[in-house]
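One-based numbering, in listed order, for ligands and for the atoms of each. All figures in this text were calculated on a predicted structure; none of them were measured in a lab.
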Amino acid sequence: MADKIDMEECKASNGEAHLDEPVLNGLDTHKKSGTLPLSERVKRIVKANLLVILTVAGVIIGVIIGMTVREVHLTRTQIVYIGFPGELLIRLLKMIIIPLVVCSLVSGAASIDPKALGKLGGWAMLFFLVTTLIASSIGVIMAFIITPGAVTGSKPIIAGLDDSVPEPKEVIDSFLDLIRNIFPSNLVSAAFQSYATAYKLVKINSTDPSSNITVEKVPIGTDQDGMNILGLVVFAIVFGVALRKLGDEGEILIKFFNSFNEATMVLVSWIMWYAPIGIMFLVAGKIVEMENVGELFASLGKYIACCIIGHAIHGALVLPAIYFIITRKNPYTFLWGIFTALATAFGTSSSSATLPLMMKCVEEKNGVSKHISRFILPIGATVNMDGAALFQCVAAVFIAQLNDTSLNFIQIITILVTATASSVGAAGIPAGGVLTLAIILEAIGLPTNDISLILAVDWIVDRTCTVLNVEGDAFGAGLLQHFVDRTSKDVGEALSEVRVGQTESAPEHSPLIEKRGVEARPNEKESVM
Ligand code: ASP
């Protein structure tokens with residue numbers, strides 16, 4: 001009975017009542033309140049979905065403004081000014097990333113029993129791995145069907161193409177860098193720098209004077225600009241677990257991170273209302289800025305189509321099908337609930353920048369509990385990139401086709417595995433995936449300078465790619481919520497801790513603290529591992 005009451009409270013506090021019908025929020029109330037005039041019903045639906053409606057309107061108006069202003073042929077400076085309101089949205093979202101990721105992971109890890117944490121993390125990783133592998137396979141299959149690189153004659157030449165491609169790195173060094181970044185040597189610099197291997201040629205002194213001078217390419221460590229979010233994520237989780245282990249002594253810090261987290265989410269809810277305007281100008285600015293569009297589509301259109309169709313298949317069919325098969329709930333209703341976040345991903349091309357809005361959406365519209373969303377989404381935004389893996393596979397096969405290299409079975413498996421692994425290392429920033437594409441090309445022995453072609457059209461492909469990246473994270477959170485709801489009864493102890501967490505989390509505190517603060521004091525030692 002107590003369990004049942006907890007469950008009801010949990011639903012109410014987490015908005016699970018919306019789970020199956022976010023679109024019909026207004027109608028739902030109507031059903032209960034008998035007959036309402038049509039205008040009232042419309043008003044309620046509009047009110048319940050106002051942000052999504054504004055976001056859709058923002059995208060449409062952005063396209064119209066972009067198309068109109070494009071005709072005026074603005075100078076580069078004027079184009080920069082047009083993009084200013086969009087730039088502000090990106091700056092606001094970036095500002096919030098570090099406090100949000102660190103505080104939500106510390107308080108998330110501290111509020112869930114370590115056993116349940118391991119289980120949840122394990123399921124999430126399994127889901128992320130399987131879906132990324134499926135996305136990679138779709139990429140390879142699409143590239144073989146559409147054959148974007150089967151050109152007669154020479155490779156596509158695009159005027160004004162930026163030839164600066166990322167410096168190629170040995171595959172082993174790429175993976176070692178990934179592991180090094182998991183353990184940042186300095187937490188402060190991890191907030192804006194990551195480790196990257198560069199190479200130095202060192203002359204080898206031979207004892208034999210008659211032999212030729214030989215040089216060795218020696219890897220050296222460098223710090224490059226860009227947040228080491230992987231390191232911060234790992235640190236925050238481990239720190240949260242350590243705080244929980246401290247027991248009473250850790251409470252004060254857990255409380256601190258909880259309130260920091262909640263305050264950050266309040267800021268997010270304010271920023272959300274600015275998102276439609278920001279997205280409108282991001283879209284308009286990009287349309288005004290586009291150059292060589294016809295030429296790009298003529299020479300790389302098949303590659304673009306291949307990526308976008310692949311993203312659409314995975315995002316509109318495969319992920320929803322997985323969600324439906326497991327939960328028996330309408331996946332498109334779930335997608336509608338996160339529409340604002342998806343539009344933000346499209347506008348900003350950054351999973352990290354979309355994270356704050358995605359958390360708000362899944363919690364408020366799709367009934368995912370805070371403990372799950374704030375633990376899983378930052379991890380997903382960092383390591384789960386279905387869209388990136390998919391387009392990297394298309395790009396690898398495309399470059400092989402351009403260079404008339406036929407791929408054998410082993411090379412295809414290598415592409416699938418390295419794309420899945422390198423998508424983990426890709427940063428959730430614009431063009432993050434192109435930078436790690438070099439790992440795949442190196443692994444199968446293809447020239448990395450063709451990456452410049454991929455970069456030329458990445459501003460389009462990266463948008464659908466990022467939408468897919470964040471959609472995968474959101475479905476992961478939705479499935480974990482379902483998993484916790486369903487299994488806590490059978491699995492008992494470990495996962496019920498998560499449910500206890502949810503029910504007690506309504507007043508925005510850690511369940512751990514609540515439990516101790518009130519009558520559960522006698523048991524507190526048991527709950528601290
Ligand atoms: N822009 C993508 C993201 O932020 C990463 C990528 O380029 O693949 O998720």
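A heavy-atom distance below 4.5 Å is not found between the side chains of Leu335 and Leu319.
Under the side-chain contact (heavy atoms from CB on, under 4.5 Å) rule, Ile182 has a single partner from Asn228, Asp177, Val234, Val233, which is Val234. Of the residues listed (Asp386, Ile304, Val434, Thr464), the one engaging Phe391 in a side-chain contact (heavy atoms from CB on, under 4.5 Å) is Val434, and it is the only one. A ring pair (Phe, Tyr, Trp, His ring centres under 6.0 Å) with Tyr323 is found for exactly one of Phe475, Tyr332, Phe127, namely Phe475.
At a cut-off of 3.5 Å, with distance as the only test, a side-chain donor of Gln392 or Thr436 sits close to an acceptor on the other residue.
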List of N/O pairs, ligand 1 versus protein, all under 3.5 Å?
unit_1   : atom_1 : unit_2 : atom_2 : d
ligand 1 : 1 (N)  : Ser349 : O      : 2.9
ligand 1 : 1 (N)  : Ile429 : O      : 2.9
ligand 1 : 1 (N)  : Asp462 : OD1    : 2.8
ligand 1 : 1 (N)  : Asp462 : OD2    : 3.3
ligand 1 : 1 (N)  : Thr466 : OG1    : 3.2
ligand 1 : 4 (O)  : Ser351 : N      : 2.8
ligand 1 : 4 (O)  : Ser351 : OG     : 3.2
ligand 1 : 4 (O)  : Gly428 : O      : 3.3
ligand 1 : 4 (O)  : Ile429 : N      : 3.3
ligand 1 : 7 (O)  : Gly432 : N      : 3.0
ligand 1 : 7 (O)  : Gly433 : N      : 2.8
ligand 1 : 7 (O)  : Asp462 : OD1    : 3.1
ligand 1 : 8 (O)  : Gly433 : N      : 3.3
ligand 1 : 9 (O)  : Ser351 : OG     : 2.3
ligand 1 : 9 (O)  : Asn469 : ND2    : 2.7

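Annotation: side-chain hydrogen bond (donor to acceptor under 3.5 Å, both in side chains) contacts involving residues 78-101, sequence neighbours excluded, comprise Thr75-Gln78.
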